[in-house]
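Below is one structure, written out as structure tokens, with a few remarks after it.
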Amino acid sequence: MTNEDVALEFEQIADLLEIKGESAFRVNNYRRAARTIDDLDEDLSEIAARNELPALPGVGKSIAAKIQELLDTGAMGFRAELTQEVPETVLTLLEIPGLGPKKAAALWQKKSIATLDRLKTAIEAGELGDLKGFGKKTLATILSGIEFLQRAVGRTRLGDALEAAADLCGAISKMEGVTRVEQAGSLRRGCETAGNIDLLCRAENGKAVVEQFTRIPGVSKILAVDDAWGSVLFEWRPRKTIQVDLRVASSVSFGPAWQYFTGSKTHNARLARLATERGLRLDETALVDVKTKRTLPAPDEEAVYRALDLPWIPPELREDRGEFEPGAPPADLLRPEHIRGDLHMHTVASDGRSTVEEMAEAARALGYQYICITDHSQSSTIANGLTPERLEGMIAEVREVDRKIADIEVWIGTEVDIRADGSLDYEDELLARLDFVVASIHSGLSKDLKTNTDRTIAAIHNPYVNAIGHPTGRMINARKPMQLDIEAICREAAAAGAALEINAGPYRLDLKDEHARLARDLGAMLVVCTDAHGAERLDRITYGVTTARRAWLRKQDVLNTRSAKEIKQFVQAKRT
DNA sequence: GCCGTTTTCGGCCCGACTGTTTTCAGTCG
């Protein structure tokens, strides 16, 4: 059980207690404990081994015992007791944007509503007319939220699916007779969410491999098996499952199988047609010469594409969005090693977990030339945003770290809030002293299209703003993007010389692939950054790179593939 | 439920936004 798992457990206990009607202070303390646990650098089990759990802020005798129980048994009796009174499913109501514990409590206590479906029918049947706090607008928001969530049902975020897939691949690679394991499907194509995890392994003893596959720890249900295929439900986090399909291919058919199971469907359909035109037949088992009925050797994907007179096409491009055209794929499609620095990250000064030095060391380990520290600005009080005075202090601190640490440039910037009226959260004089400025919207996301577009454009035109952070504010599977005229934003950014971020955070991936492609087409510069809140999160840049690749971005389309000197020129150009 | 003492109990994290509430509660970051 990871710290994150334990933190979530306590967060949900707080929710359940609040819905039950417990004292707000008791509830808050569980939330505080959850936050403490989530913010730890060290594994909880190590702290527990030293008997130091009660020393953690917000953790006393009672919670320490509950953590210990979780670590020892993977479950908590207290939670089980709670769910006797408040059904587990009530927690799904809290996923509706705009619906918190108080409203969930009212729905459960007054109307016995505990599921999304039931809530939806109750609203549609007008059953909630007499419930205080549930006016017309609120009900409309809730309905739209339910529909949003129901579309997300069964979709797992790319980051989570990739982590689960990496664990599974590790386990499968150790199995008897397996000589290769690869990811396939939407996961390999880098789609922002995955309905299932598609895996492919090379082995000649399919049945035995499938048999071992179904016994991997974490497999909670076997959905189907045959001699070369197994489908299971896998629990990648407590109470979170995803379907995993493993196919076994022999070495002769590995290429066609990997290609086929990577998809997409439309890409494969085009390939199959190209094969037919050449007198070949391509399916998941083989590439066959129709006339001679001879199976062409295809131990890898390159052989498949070569037989169709195509270059190998990167999986992220396999969406039938132009990848078959002459000149595609671009030779300089963005790759992780092109990234020379990260320009959006937080430290302990605001809501991060690591110090400036720790961020710098981690970035140096990634081989970066430069990073920019961009803590929150004063309006983001809950994120401990920096007052102008504290930012002054940070300027000095970062300059000092920059002097001390060799081989990497450490810059000072900010993630400055774009306020509701489009003004920024710091004066220009202060921004002018920074090396790089990211401007982001964190509040008032539900304002109308014009307001949001105008305030973003206002920020774009501030001479000291170099990038717009997470431009749409969406949270994958959790929050819709704000209303925004993306095209206008892209045009203005292109004209003003501001970059648009592809936020690499696996919950955000914002801009998303289609929008990033549009931005590039309209002449805007993109910048791929992690928005990391801890040194160990800097490596999530790969999610952003994947999104950029799905947007067909080349190295030259992405600002932070440039040298430190060129970045400084980019900043300077906008100021003068 | 935790914390910090005042060693036995009172206080506990902020501020904006939104909808509906005619004076503010609930949600969110």
Side-chain angles (χ1 to χ4, degrees), chain A residues 9-11 13-39 53-67 76 78-79 82 93-107 109-110 128-145 346 350-352 375-387 390 415-421 423 425 440-448 451-452 455 469-470 473-475 478-480 482-483 503 505 507-508 510 531 533:
Chain A
E9 197 76 16
F10 282 103
E11 193 60 50
I13 286 196
D15 289 334
L16 289 166
L17 286 170
E18 192 163 5
I19 291 166
K20 207 183 130 199
E22 275 285 343
S23 141
F25 294 115
R26 191 181 174 207
V27 169
N28 272 338
N29 200 78
Y30 276 97
R31 294 203 199 285
R32 185 176 173 211
R35 205 166 49 240
T36 297
I37 293 164
D38 207 31
D39 286 349
L53 288 176
L56 298 172
V59 177
K61 232 173 148 181
S62 162
I63 289 184
K66 292 183 173 85
I67 295 173
M76 197 197 302
F78 183 57
R79 183 180 176 128
L82 275 176
L93 301 182
L94 298 173
E95 290 168 23
I96 301 169
L99 198 157
K102 291 278 157 56
K103 285 199 161 70
L107 290 170
Q109 287 168 6
K110 302 237 166 69
L128 304 183
D130 58 334
L131 207 52
K132 219 177 129 192
F134 290 80
K136 241 184 170 172
K137 277 196 173 174
T138 302
L139 291 179
T141 307
I142 291 176
L143 258 191
S144 126
H346 299 270
S350 62
D351 60 348
D375 278 305
H376 288 285
S377 61
Q378 50 193 339
S379 281
S380 291
T381 44
I382 195 75
N384 193 20
L386 275 56
T387 59
R390 289 184 61 216
E415 182 183 16
V416 63
D417 258 70
I418 301 172
R419 301 198 200 110
D421 62 357
S423 65
D425 207 19
S440 308
I441 291 180
H442 288 111
S443 59
L445 283 93
S446 54
K447 292 195 181 296
D448 62 278
T451 306
N452 287 333
R455 62 206 280 229
H470 44 74
R474 73 153 177 182
M475 297 295 248
R479 186 172 74 202
K480 289 183 194 173
M482 63 182 138
Q483 305 257 341
N503 189 295
Y507 280 75
R508 292 194 183 268
D510 182 11
D531 193 1
H533 283 64

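In what follows, every chain begins at residue 1, and chains take the letters A, B, ... in the order their sequences are listed. Below, all heavy atoms of this structure are taken into account, side chains as well, without hydrogens, waters or symmetry copies.
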Residues which pass salt bridge (charged side-chain N to carboxylate O under 4.0 Å, His left out) with [X], listed by chain and number, not counting sequence neighbours:
X	result
A:Asp15	A:Arg31
A:Arg419	A:Asp425
A:Asp130	A:Lys111
A:Glu22	A:Lys20, A:Arg26

Next on the checklist: With a 4.0 Å limit, can you tell me whether A:Ser379 has a side-chain N or O closer than that to the phosphate oxygens OP1/OP2 of B:dG15?
Outcome noted: no
Next on the checklist: Students often get this wrong, so: under 4.0 angstrom with heavy atoms, is A:Ala33 touching a base, only sugar-phosphate, or nothing?
Outcome noted: nothing
Value in whole Å for how far the [atom2] atom of [N] lies from [atom1] of [X]:
X	N	atom1	atom2	answer
A:Asp130	B:dT20	CG	P	15 Å
A:Asp351	B:dC13	CG	P	17 Å
A:Ile142	B:dG26	CD1	P	14 Å
A:Arg35	B:dC13	CZ	P	9 Å
A:Ile19	B:dG26	CD1	P	13 Å
A:Ile441	B:dC17	CD1	C1'	14 Å
A:Leu131	B:dG26	CG	P	12 Å
A:His376	B:dC14	NE2	C1'	15 Å

When the [atom1] atoms of [N] and [M] are considered, how many whole Å apart are they?
N	M	atom1	result
B:dT27	B:dC13	C1'	16 Å
B:dT8	B:dC14	C1'	30 Å
B:dT6	B:dG10	C1'	11 Å
B:dT20	B:dC9	P	44 Å
B:dT18	B:dT23	C1'	15 Å
B:dT22	B:dT7	C1'	48 Å
B:dT5	B:dG11	C1'	12 Å

Checklist entry - Any side-chain heavy atom of A:Arg479 sitting closer than 4.5 Å to one from A:Leu445? => result yes
Item to check | Min side-chain heavy-atom separation A:Ile96-A:Lys103 under 4.5 Å | outcome: no
Checklist entry - What is the base-pairing partner of B:dT8, counting Watson-Crick and G-U wobble geometry with both distances under 3.5 Å? => result none
Next on the checklist: If the condition is side chain to side chain contact (heavy atoms under 4.5 Å, CB included), which residues does A:Ala106 pass it with, not counting sequence neighbours?
Outcome noted: A:Phe134
Checklist outcome for this item: Hits for side chain to side chain contact (heavy atoms under 4.5 Å, CB included) against A:Ser350, two or more places apart or cross-chain, chain-then-number order -> A:His346, A:Asp375, A:His376, A:Leu386
Item to check | Exercise: identify the closest heavy-atom pair between A:Gly58 and A:Ile63 | outcome: O-CD1, 3.9 Å
Item to check | Pairing residues for A:Lys102 by the side-chain hydrogen bond (donor to acceptor under 3.5 Å, both in side chains) criterion, not counting sequence neighbours | outcome: none
Could I get a table of every N or O pair under 3.5 Å where one atom is in the protein and the other is in nucleotides 27-29 of chain B?
unit_1 : atom_1 : unit_2   : atom_2 : d
B:dT27 : OP1    : A:Gly100 : N      : 2.6
B:dT27 : OP1    : A:Gly100 : O      : 2.9
B:dT27 : OP1    : A:Lys103 : N      : 2.9
B:dT27 : OP2    : A:Lys102 : N      : 3.0
B:dT27 : O5'    : A:Gly100 : N      : 3.3
B:dC28 : OP1    : A:Gly98  : N      : 2.5
B:dG29 : OP1    : A:Arg479 : NH1    : 2.0
B:dG29 : O5'    : A:Arg479 : NH1    : 3.4

Interface polar pairs with nucleotides 1-5 of chain B, N/O, under 3.5 angstrom:
unit_1 : atom_1 : unit_2  : atom_2 : d
B:dG1  : OP1    : A:Arg26 : NE     : 3.1
B:dG1  : OP1    : A:Arg26 : NH2    : 2.3
B:dG1  : O5'    : A:Arg26 : NE     : 3.3
B:dG1  : N2     : A:Asn29 : OD1    : 3.4
B:dC2  : OP1    : A:Gly60 : N      : 2.9
B:dC2  : OP1    : A:Gly60 : O      : 3.4
B:dC2  : OP1    : A:Ser62 : N      : 3.3
B:dC2  : OP1    : A:Ile63 : N      : 3.0
B:dC2  : O4'    : A:Asn29 : OD1    : 3.0
B:dC2  : O4'    : A:Asn29 : ND2    : 3.3
B:dC3  : OP1    : A:Leu56 : O      : 3.3
B:dC3  : OP1    : A:Gly58 : N      : 3.1

